[in-house]
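Each remark here refers to the structure printed beneath this line.
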Amino acid sequence: MLLRCRLVVRSTTLVGVSEVRIRPAVAADVSVIREITRPYVEQHILVAKPPVAYYEGLQQFQVAEYDGQVVGCGALHVFWEDLGEIRTLAVAEQARGLGIGSALVDQLIASGRQLGLSRLFCLTFEVNFFSQHGFSPLYGNPVSPTVFAEMLRSYDEGVAEFLELDRVKPNTLGNIRMLLSLSAS
């Protein structure tokens, strides 16, 4: 499914309408996704991943094209039967402030609904941004002890972050866990 949104771009020289196209990522997008995420990794906003992790998770990614170029990305990772995570959300420097991040989040939320998820999680420094999309800070453990025990078996770092396991805390200091109920939004 393609989501199209129209953005009004204002600069000192022109006012025009450009189109952003959100689409599923393809293998050829991985090098651009890595380039877009690199500054966020260097600033410790996103967790560093080896190239193979991007290829392994390719089906989870959506990309944003603006003026024919990929300028943003985001992924939806399913944790459990009712729970997913929005992760690796990034917009290229030259495209920030155009609403591309919001378009990606909207598409990822729609994808979560299509998958039958009832809740989406994110770990972020951008609390205000995600709050505008209906996310609220998450306190405590929002899964049953049985599900918690099952999720402990995962090797995925996002699951460890969601569960607030001590082994990931040094890498996530300052991040806020947030949750969106899809039935309420």
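One-based numbering along the sequence shown.
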Residue pairs meeting salt bridge (Lys or Arg N to Asp or Glu O under 4.0 Å), one or both in residues 123-140, sequence neighbours left out, come to none
Just jot down the side-chain contact (heavy atoms from CB on, under 4.5 Å) partners of P51, sequence neighbours excluded, or say none. R34
Side-chain polar contacts of residues 54-61 - donor-acceptor pairs under 3.5 angstrom, sequence neighbours left out - could you list them?
from	atom 1	to	atom 2	distance (Å)
Y54	OH	T37	OG1	3.2
Q60	OE1	H77	ND1	3.3
Q60	NE2	H77	ND1	3.0

To the nearest 0.5 Å, atom CG of L83 lies from atom CG of L182 at 10.0 Å
Residues 93-101, side-chain donor-acceptor partners within the protein, below 3.5 Å, at least two apart:
from	atom 1	to	atom 2	distance (Å)
E93	OE1	R96	NH1	2.7
R96	NE	Y40	OH	2.9
R96	NE	V91	O	3.3
R96	NH2	Y40	OH	3.0

Residue pair V63 / A25: nearest heavy atoms and the distance that separates them: CG1-CB, 3.9 Å
Decide yes or no on side-chain contact (heavy atoms from CB on, under 4.5 Å) for H133 and D106, but give the supporting numbers first. CA-CA 8 Å; H133 292 277; D106 290 344; 3.2 Å; yes
If two hydrophobic side chains count as joined below 4.5 Å and joins carry through other members, does V32 share a cluster with Y66? no
Atom pair CG (N128) and CD1 (I176), whose distance is rounded to the nearest 0.5 Å: 11.0 Å
If you link I, L, V, M, F, W and Y whenever their side-chain heavy atoms are under 4.5 Å apart, who else ends up in the same group as Y139? none
Answer with yes or no whether the hydrophobic clustering places F125 together with V127; edges join I, L, V, M, F, W, Y residues whose side-chain heavy atoms lie under 4.5 Å apart. yes
Ion pair present between R23 and D29, side-chain N to carboxylate O less than 4.0 angstrom? yes
In terms of hydrophobic clustering (I, L, V, M, F, W, Y; side-chain heavy atoms under 4.5 Å; direct or indirect links), are L46 and F129 co-clustered? yes
I'd like to check the side-chain contact (heavy atoms from CB on, under 4.5 Å) partners of I86; sequence neighbours left out, ordered by chain and number. L76, V105, L108, I109, L120, F130, F135
What pairs with E81 under side chain to side chain donor-acceptor pair (under 3.5 Å), at least two apart in sequence or on another chain? none
Considering only heavy atoms from C-beta outward, does the side chain of M178 approach that of F121 to under 4.5 Å? no
Do the non-hydrogen side-chain atoms of L104 and I22 ever get within less than 4.5 Å of each other? yes
Please examine the side chains of C73 and Q62, heavy atoms only from C-beta on, and report whether any two atoms are closer than 4.5 Å. no
Working to the nearest 0.5 angstrom, can you tell me the gap between L123 CG and N175 CG? 4.0 Å
Qualifying residues under side chain to side chain donor-acceptor pair (under 3.5 Å), relative to S131, sequence neighbours excluded: none
Main-chain N/O of C122 paired to R177 side chain as donor or acceptor, under 3.5 Å: no
Sequence-distant partners of A48, side-chain contact (heavy atoms from CB on, under 4.5 Å), two or more places apart: V41
Is the backbone of P39 close enough, under 3.5 Å, to the side chain of Q43 for a donor and an acceptor to pair up by distance? yes
Applying side-chain contact (heavy atoms from CB on, under 4.5 Å), name anything that partners S136, two or more places apart in sequence or on another chain. none
